[in-house]
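What follows is a short report on a single structure.
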Amino acid sequence: MERLKARRDFLNTARGAKWAAPGLVLQARRRPKSLSSSEPLANSETPASDVPARIGFTVTKKVGKAHVRNRVKRRLRAAATEILPLGAKPGYDYVLIGRAGTITRAYCDLKTDLLTALSRVHSKKNHTRRSKPPSDSSSTGSVTASQKQG
RNA sequence: UCAGGUGGCUGGAUGGCUGCUGUUCCCAGCAAUGGGGGCAGAGGAAAGUCCGGGCUCCACGGAAAUACGGUGCCGGGUAACGCCCGGCGAGGGCGACCUCAGGGAAAGUGCCACAGAAAGCAAACCGCCUGGGCUUCGGCCAAGGUAAGGGUGAAAGGGUGCGGUAAGAGCGCACCGCCAUUCCGGUAACGGAGUGGGCAGGGUAAACCCCACCGGGAGCAAAACCGAAUAGGGAUGACAGGGGGCGGCAACGUCACCAGAUCUGUUUUCGGAUCGUCGUCCGGGUUGGUUGCAGGAGGCGUUCGGCGACGGGCGUCCCAGAUGAAUGGUCAUCGGCUCGGGCGUUCGCGUCCGGGUACACAGAACCCGGCUUACAGGCCACCUGACUUA
RNA sequence: GGCCACGUGGCGGAGUGGUUACGCAGCGGAUUGCAAAUCCGUGCACCCCAGUUCGAUUCUGGGCGUGGCCU
């Protein structure tokens, strides 16, 4: 699977849908054609379904020192190569963010975390983060939030 | 047996499934490429970036000097070092052994708060003593000699003891310390012995400073090469703006009109500056790619020289090379750690059963020599002290 | 990866070898019918560990943390 390498792609993906599991955080976004930077071949004639999904990893310094971050990235990469061919959609960019609990979480739980995060992200794929949150949050909370914004 | 000291080593193991990077071989293919196999793949600190080099670029006549920074007992090792080895001195420990930025304070300057009479040049607050004067006989006054005692302080101008004296004082003597000098040992730092001097010269140089030695600056994101698309720069060639009317399907032709936009000086009048489209060429070089980039002050073994650091000879081996960054993920068994229980015990622990487990510190990024810091557990060698037994 | 700078109350921010200013914030009081403003008073600090020194926030060494630059 192709990897995300440029900082611009990571920032674009962070504007998409997001789901936080106990073991990881998943961000996903359908790739716009004009912003596909690292692929000069992807012109407008190829449909989006032929463009493969891409995956990137982010582990910040808050998680730990260098060898801890390496280990977190390896576990996320192993889980992604197992799970993403089952649940990833073509034309999407995915970013997996490691957390402090990634290194201690059991591997099967990590895989279920990734599966639920994929389904959650795809269920709210039409909404960006700026729009109203989906029906998970209670109605009173959304009302107060809208009142505060007003 | 217990308690220590020094030096060195190690840093979980095996297997199954499934991945990554480099390299090589085989097969298919014109090629691009695809499939399969073999081999190699993190550390003692890879860390901190604190020193020293290699290498690259810049500056420069070889270089030297000023400023600045660093180092600082002596001798050796090394490419070099602030590192290492051996020795010396001082301090600590019963000892094995450990620690030390360990040159110069009689070249100069500064500082030593508070307290204290006095903080650096010698002086005298309370005191002590002598003779004199006055006296209400309690003492007081001025002169002189002292620095033993008190008090302050981190520090008060050698220390202890004896003699000595009106009281005292290196005033005299003994020992210790200090200074100068001679001889001996040592390459030297330094040590030992003798003689002389009654003793001057407080501390601070991780305060300025003096002396000796070292240092041109920046760093592989250095540097070299290849090199698009877009925007922008330079040269050159061609065309020159806007809306309207008329003719024409359109391209375009023609007619008159307006001279444009931005910034700015100025009260205004009035000025000043910049700005178009297309083609070709040149130069620069952002994403990216290649080199730099792993055969090196290399590792291992052996032998010789040396107390040692280390050096010489011989043999043998090629041993990570990623770039959003590979060297793994997961499962099982064993091992380790830990918890609970049973048994034994020389009370240190051993063994059996069951449970848990995150399994020390920590991830190469151009390379090398050091230093510093972090580190569960385990192993080896030598040495010291105490106790017991023979 | 490489190269630098800085750590002082809750916050900002001076300072120097000898018990650390100042401002805002906090607390208490005065003033006011009640508040604000004003005035008075008060508490809270030199990142950590060693060394030099009689004495370290300062000087030196080592850690830890924060920030910046090169791309």
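Every chain is numbered from 1, with letters handed out A, B, ... down the list of sequences.
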Using the purine O4'-C1'-N9-C4 or pyrimidine O4'-C1'-N1-C2 torsion, is [N] syn (within 90° of 0) or anti?
| N | answer |
| --- | --- |
| B:A374 | anti |
| B:A80 | anti |
| B:G276 | anti |
| B:C319 | syn |
| B:G44 | syn |

Under 4.0 Å, heavy atom to any atom of RNA chain B: which of residues 98-107 of chain A qualify?
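Result for residues 98-107 of chain A: A:Y107, sorted by number.
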
Give me each pair satisfying salt bridge (charged side-chain N to carboxylate O under 4.0 Å, His left out) with a member in residues 75-86 of chain A, each pair once, sequence neighbours excluded.
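Found A:E82-A:K111.
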
Establish, with yes or no, whether the OP1 or OP2 oxygen of B:A362 is under 4.0 angstrom from a side-chain nitrogen or oxygen of A:H67.
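No, because none of the side-chain N or O atoms of A:H67 sits under 4.0 Å from OP1 or OP2 of B:A362.
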
Does A:R74 make a side-chain N or O approach to OP1 or OP2 of B:U327 shorter than 4.0 Å?
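For B:U327, OP1 or OP2 has a side-chain N or O of A:R74 closer than 4.0 Å.
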
Pairing check on [N]: which nucleotide meets the Watson-Crick or G-U wobble criteria with it, both distances under 3.5 Å?
| N | value |
| --- | --- |
| B:U6 | B:A381 |
| B:U269 | none |
| C:G43 | none |
| B:G34 | B:C27 |
| B:G279 | B:U236 |
| B:A223 | B:U291 |
| B:A309 | none |
| B:A143 | B:U130 |

What does the list of N/O pairs under 3.5 Å between the protein and nucleotides 16-18 of chain B look like, with a distance for each?
none

Name all residues meeting the side chain to side chain donor-acceptor pair (under 3.5 Å) criterion together with A:K65; count only those two or more places apart in sequence or in a different chain, and write none if there are none.
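Here no residue qualifies.
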
How is A:R71 classified with respect to the nucleic acid when contacts are heavy atoms under 4.0 Å: base, sugar-phosphate, or nothing?
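Counting heavy atoms under 4.0 Å across all strands, the contact made by A:R71 is with sugar-phosphate only.
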
Indicate yes or no: does A:D93 engage A:R29 in a salt bridge with an N to O separation below 4.0 Å.
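Not counted as a salt bridge, because no side-chain N and carboxylate O are separated by less than 4.0 Å.
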
Exercise: identify the closest heavy-atom pair between [X] and [Y]:
| X | Y | value |
| --- | --- | --- |
| A:T112 | A:D109 | OG1-O, 2.7 Å |
| A:L114 | A:A79 | CD2-O, 3.8 Å |
| A:H122 | A:Y94 | NE2-OH, 2.8 Å |
| A:T81 | A:P85 | O-CD, 3.5 Å |
| A:L118 | A:A88 | CD1-N, 4.4 Å |
| A:A80 | A:F57 | CB-CZ, 4.1 Å |

Roughly, in whole Å, what's the span from [atom1] in [X] to [atom2] in [N]?
| X | N | atom1 | atom2 | result |
| --- | --- | --- | --- | --- |
| A:R69 | B:A365 | CZ | P | 14 Å |
| A:N70 | B:G43 | CG | P | 15 Å |
| A:K65 | B:A46 | NZ | C1' | 14 Å |
| A:L76 | B:A326 | CG | P | 13 Å |
| A:R77 | B:U327 | CZ | C1' | 10 Å |

With sequence neighbours excluded, tell me which residues meet side-chain contact (heavy atoms from CB on, under 4.5 Å) with A:F10.
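Partners of A:F10 by the side-chain contact (heavy atoms from CB on, under 4.5 Å) criterion, ordered by chain and then number, come out as A:L4, A:T58, A:V95.
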
side-chain contact (heavy atoms from CB on, under 4.5 Å) against A:R69, all qualifying residues, sequence neighbours excluded:
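A:R69 satisfies side-chain contact (heavy atoms from CB on, under 4.5 Å) with A:V59, A:K61, A:A66 only.
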
Sequence neighbours left out, what passes salt bridge (Lys or Arg N to Asp or Glu O under 4.0 Å) with A:R74? Give chain and number order.
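Salt bridge (Lys or Arg N to Asp or Glu O under 4.0 Å) list for A:R74, sorted by chain: empty.
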
Verify the cluster assignment for A:V25 and A:L115: are they in a single hydrophobic cluster under the rule of side-chain heavy atoms below 4.5 Å apart?
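They do not share one cluster, since no chain of ILVMFWY contacts under 4.5 Å joins A:V25 to A:L115.
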
What nitrogen or oxygen pairs link the protein and nucleotides 321-324 of chain B at under 3.5 Å?
{"unit_1": "B:G324", "atom_1": "O3'", "unit_2": "A:R3", "atom_2": "NH2", "d": "3.4"}
{"unit_1": "B:G324", "atom_1": "O2'", "unit_2": "A:L4", "atom_2": "O", "d": "2.9"}
{"unit_1": "B:G324", "atom_1": "N7", "unit_2": "A:K5", "atom_2": "O", "d": "2.4"}
{"unit_1": "B:G324", "atom_1": "O6", "unit_2": "A:R7", "atom_2": "N", "d": "3.2"}
{"unit_1": "B:G324", "atom_1": "N2", "unit_2": "A:F57", "atom_2": "O", "d": "3.1"}
{"unit_1": "B:G324", "atom_1": "N2", "unit_2": "A:T58", "atom_2": "OG1", "d": "3.4"}

Got A:V121 and A:K18 here, is their nearest side-chain heavy-atom distance under 4.5 Å?
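No, their side chains stay 4.5 Å or more apart.
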
Do the side chains of A:L96 and A:L26 get nearer than 4.5 Å, heavy atoms only?
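When only atoms from C-beta onward are counted, A:L96 and A:L26 do touch, with a gap below 4.5 Å.
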
Here's a test of your reading of the structure: between A:V68 and A:R75, which maps to the more 5' nucleotide of RNA chain B?
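With A:V68 and A:R75 compared, the 5'-side residue is A:R75.
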
Could you list all N or O pairs between the protein and nucleotides 65-71 of chain C that sit under 3.5 Å apart?
none

